[in-house]
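Structure, as structure tokens:
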Amino acid sequence: MPNIYSNIINFNSNSTKKIIKILSKNGIIGLPTETVYGLAANAYSETAIKKVYSAKKRIKRNPLIIHYYDLNRAKKDVILDNKFYKLYKKFSPGPITYIVKKKKNSKIKSIASANLKTVGIRFPKNKIIRKILKKIRFPLAMPSANKSSSISPVSAEDVSDEFKNRIKVVDGGYSKIGIESTVLNLVGSTCILRPGKITTDDVESVLGQKIKISYNKKIIKSPGMLKKHYSPGIPVKLNCKNASNKDAFIVFGKKYKKGKNIFNLSHKGDLKQAAKNLYKTMRKIKKLNFKKIRVVKIPNQNIGIAINDRLTKASNK
Ligand code: AMP
Ligand code: MG
């Protein structure tokens, strides 16, 4: 039987050379991170970046996050201030993206950051991506490895399903966090543009100032364009108390019974586990051919705020 996932690469010393070769020759490849899987390209190569936008069918005004191995490399491209250093010390490497000013002589290609004067930078923690980043001489522009507006991938198989084997992907198992990074704006007013595992409370405790979540309206100038995001492609209804047997019912906590249409994000009511299971569950429901999804109310605290953010976007028509 043919292997339907012939594009999945195991990570070892031989494949490392192959991965580096692909990236160095302006190719693109799916890589694991602790948040979700990314579609990686050399951030210093316009050819490579264009391939990412085209494979994802992503609008050019939506900037990519640039991933670095360490501070020394990032410093060459961006301007970093004290606020940044405090946060970096506490949260990086990890699931947080900082929006900072781009240097005039930065080598990051303008199209990677949608011609903005700012750049989103992240230092991922996943061991595989760190080993690759350490060995290459350029940072990686890396959005989530899915077609624009669909659900982010949390396994190598998910990436294959998105791009139908056309893109190679390195297998790093299931993403540990399962939800995209927190995006924190550090240019002008400090605010969170996308909630994630690192919360407003976490940032407040480091900076000693109140932090708000302000959804990224300034960057995407056409309202509504990206309102529908993280979509499983079938209607999603939130804050439901029950569901018919025909609909997939996403629940949270121990009071729910088992059933063919019932998908519990976390029996023990653990929000981190729920985040990890969210996209996996939505893909499973889609594969099982359900036509509608109903979701119970998820506690709006800690990483639950990020879960609700993604669910709200998934439910937008
Ligand atoms: P994704 O690549 O799918 O994880 O999405 C990246 C997110 O980071 C999007 O919400 C972008 O709008 C945001 N982002 C990246 N760079 C910037 C930037 N320079 N300013 C504001 N938001 C950014
Ligand atoms: Mg994405």
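Just so it is clear, the values below take in all heavy atoms, side chains as well, and ignore hydrogens, waters and symmetry mates. Note that ligands are numbered from 1 as they come in the structure, with each ligand's atoms numbered from 1 the same way.
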Donor on one side chain, acceptor on other, Thr16 and Lys135, under 3.5 Å: no
Check: Phe163 and Val169 side chains under 4.5 Å, non-hydrogen atoms: no
Pairwise side-chain contact, Lys50 with Tyr53, heavy-atom cut-off 4.5 Å (strictly under): no
Residues Ser181, Thr35; criterion side-chain hydrogen bond (donor to acceptor under 3.5 Å, both in side chains); working and verdict: CA-CA 6 Å; Ser181 62; Thr35 56; 5.7 Å; no
Within a distance under 4.0 Å of any heavy atom of [X], pick out the atoms of ligand 1 and give their elements.
{"X": "Val119", "result": "19 (N)"}
{"X": "Leu193", "result": "21 (C), 22 (N)"}
{"X": "Leu116", "result": "19 (N)"}
{"X": "Arg194", "result": "1 (P), 4 (O), 5 (O), 6 (C), 7 (C)"}
{"X": "Ser144", "result": "2 (O), 3 (O)"}
{"X": "Ile65", "result": "6 (C), 8 (O)"}
{"X": "Thr118", "result": "18 (C), 19 (N), 20 (N)"}
{"X": "Pro143", "result": "2 (O)"}

Part of Arg58 with heavy atoms under 4.0 Å of ligand 1, whether side chain, backbone, both or neither: side chain
Carboxylate-amine/guanidinium proximity below 4.0 Å for Arg122 and Glu180: no
Electrostatic pair Asp161-Arg283, nearest N-O below 4.0 angstrom: no
Nearest candidate to atom 18 (C) of ligand 1, where distance is taken over non-hydrogen atoms, out of Ile99, Thr33, Asn62: Ile99
Trace of the side-chain hydrogen bond (donor to acceptor under 3.5 Å, both in side chains) decision for Ser92 with Tyr98: CA-CA 10 Å; Ser92 296; Tyr98 310 95; 2.7 Å; yes
Any Glu180 heavy atom less than 4.0 Å from ligand 1: no
Ring geometry between Phe84 and Phe123 (parallel below 30°, tilted from 30 to 60°, perpendicular above 60°): tilted
N, O or S from Tyr230 under 2.8 Å to the Mg ion (ligand 2): no
